[in-house]
Number of protein chains: 2
Amino acid sequence: MQQPVIELWFDFGSNYSYLSVMRIGREAERRGVALAWKPFMLGPILRELGWSDSPFVVQETKGRYVWRDMERQCAKFGLPWNRPRTFPRRAVLPHRVALWGESEAWIADFCRTVMMRNFVEDRDIDSDQAMFQVLGALGLPPEPIIEAARSPANKERLREQTDEARARGVFGAPTFFVGDEMFWGNDRMDDALELASRAG
Amino acid sequence: MQQPVIELWFDFGSNYSYLSVMRIGREAERRGVALAWKPFMLGPILRELGWSDSPFVVQETKGRYVWRDMERQCAKFGLPWNRPRTFPRRAVLPHRVALWGESEAWIADFCRTVMMRNFVEDRDIDSDQAMFQVLGALGLPPEPIIEAARSPANKERLREQTDEARARGVFGAPTFFVGDEMFWGNDRMDDALELASRAG
């Protein structure tokens, strides 16, 4: 019997992706579900939907609500939280690193560390310095990883991954796939995991 | 000690409001929380946010997802579901009736019956005939109720109720209030009830 798989499509700039990236490892393991990390660029997809910026920036009323909602959600899940002064943060380089390292043993730790840097430490994540610090803190050699992440082939893969998200109907982040079944938002993570564990 | 109160702000045309209207009675009762029914007109509020129609109509990709999500959510909560051929359905008259009857013993049954007519029977809800049938089925005298609902004073009250929603930061439906704390979406109903029951 094959182990069931859940795909987590996320953007390091997305606050609701922060919740799922931090929570999913333990929840998937508890249910015996394998996890596929799928970083993609949410910005281009939102722009095609007509958003000039994050909906939480464009629609101020909704934005105000979202920051309160994040405080409550983080309290509920026992996660640290500081509203970032820059939102949404650009995240091209960490996406390239995550994509390059998607099958590495360090992928989960890397994703959580980048998310904490954005949504707890309130620091830039899209610079060489940021990646040096994150990878270094995980005991990894930053230079060869950043170089590989920046290779033309890996850059092209991130574009293709974003194209795949669009083609499969992704319009926000986080988004989960269990086979062809799509679930949008951290609020659907448990439903998606439940379906995956039944599919096993 | 005063009984804690949860306010449910809803629009009869809103599919996620359908979930909350059907679910909230039993859940509030179980927790000893009193329920205030708050019908309002979502359409004008969405238009002010820049939507020419429901976001689920304007953004086709999201719309397609929403109908699949509704099937899954209704299955999860044990609710019947048929995707309405007309969406979002106009609901001015049932909103006026619900507002006029907000403190009547029949308000919960009325709201559920209108929602079932829209999202299960797939029938018009904004006509005299629709209201005759709904009120009649509840053993109520339709004519005096519809007449009172249509009085200038009650029409004005619905406009004021919508103004209040806007002033309090409502940008979608369903929305819950527990005191000044706002929760958006059926996905937050349990959190809102939990807060209300702790406040008791």
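Per chain, numbering begins at 1; letters A, B, ... match sequence-line order. All values derive from a computational prediction rather than experimental measurement.
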Using only the distance criterion (under 3.5 Å, no hydrogens considered), which donor-acceptor pairs connect chain B with chain A?
{"residue": "B/Tyr65", "atom": "OH", "partner": "A/Trp184", "partner atom": "N", "Å": "2.7"}
{"residue": "B/Arg68", "atom": "NE", "partner": "A/Glu181", "partner atom": "OE2", "Å": "2.6"}
{"residue": "B/Arg68", "atom": "NH2", "partner": "A/Glu181", "partner atom": "OE2", "Å": "2.6"}
{"residue": "B/Asp69", "atom": "OD1", "partner": "A/Arg188", "partner atom": "NE", "Å": "2.8"}
{"residue": "B/Asp69", "atom": "OD2", "partner": "A/Arg188", "partner atom": "NH2", "Å": "3.1"}
{"residue": "B/Arg72", "atom": "NH1", "partner": "A/Glu181", "partner atom": "OE2", "Å": "3.0"}
{"residue": "B/Arg72", "atom": "NH1", "partner": "A/Met182", "partner atom": "O", "Å": "2.8"}
{"residue": "B/Arg72", "atom": "NH2", "partner": "A/Met182", "partner atom": "O", "Å": "2.9"}
{"residue": "B/Gln73", "atom": "OE1", "partner": "A/Arg188", "partner atom": "NH2", "Å": "3.3"}
{"residue": "B/Lys76", "atom": "NZ", "partner": "A/Asp191", "partner atom": "OD1", "Å": "2.7"}
{"residue": "B/Lys76", "atom": "NZ", "partner": "A/Asp191", "partner atom": "OD2", "Å": "3.2"}
{"residue": "B/Glu181", "atom": "OE2", "partner": "A/Arg68", "partner atom": "NE", "Å": "2.6"}
{"residue": "B/Glu181", "atom": "OE2", "partner": "A/Arg68", "partner atom": "NH2", "Å": "2.6"}
{"residue": "B/Glu181", "atom": "OE2", "partner": "A/Arg72", "partner atom": "NH1", "Å": "3.0"}
{"residue": "B/Met182", "atom": "O", "partner": "A/Arg72", "partner atom": "NH1", "Å": "2.8"}
{"residue": "B/Met182", "atom": "O", "partner": "A/Arg72", "partner atom": "NH2", "Å": "2.9"}
{"residue": "B/Trp184", "atom": "N", "partner": "A/Tyr65", "partner atom": "OH", "Å": "2.7"}
{"residue": "B/Asp187", "atom": "OD1", "partner": "A/Arg188", "partner atom": "NH1", "Å": "2.9"}
{"residue": "B/Asp187", "atom": "OD1", "partner": "A/Arg188", "partner atom": "NH2", "Å": "3.3"}
{"residue": "B/Asp187", "atom": "OD2", "partner": "A/Arg188", "partner atom": "NH1", "Å": "3.3"}
{"residue": "B/Arg188", "atom": "NE", "partner": "A/Asp69", "partner atom": "OD1", "Å": "2.8"}
{"residue": "B/Arg188", "atom": "NH1", "partner": "A/Asp187", "partner atom": "OD1", "Å": "2.9"}
{"residue": "B/Arg188", "atom": "NH1", "partner": "A/Asp187", "partner atom": "OD2", "Å": "3.2"}
{"residue": "B/Arg188", "atom": "NH2", "partner": "A/Asp69", "partner atom": "OD2", "Å": "3.1"}
{"residue": "B/Arg188", "atom": "NH2", "partner": "A/Gln73", "partner atom": "OE1", "Å": "3.4"}
{"residue": "B/Arg188", "atom": "NH2", "partner": "A/Asp187", "partner atom": "OD1", "Å": "3.3"}
{"residue": "B/Asp191", "atom": "OD1", "partner": "A/Lys76", "partner atom": "NZ", "Å": "2.7"}
{"residue": "B/Asp191", "atom": "OD2", "partner": "A/Lys76", "partner atom": "NZ", "Å": "3.1"}

Verify same cluster id: [X], [Y] (apolar side-chain graph, 4.5 Å):
X       : Y        : answer
A/Val21 : A/Val92  : no
A/Val57 : A/Met41  : no
A/Ile6  : A/Ile107 : yes
B/Val66 : B/Phe119 : yes
A/Leu8  : A/Leu158 : no

* **A/Val5: hydrophobic cluster co-members (side-chain, 4.5 Å)** =>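 Answer for A/Val5: none, a lone residue.
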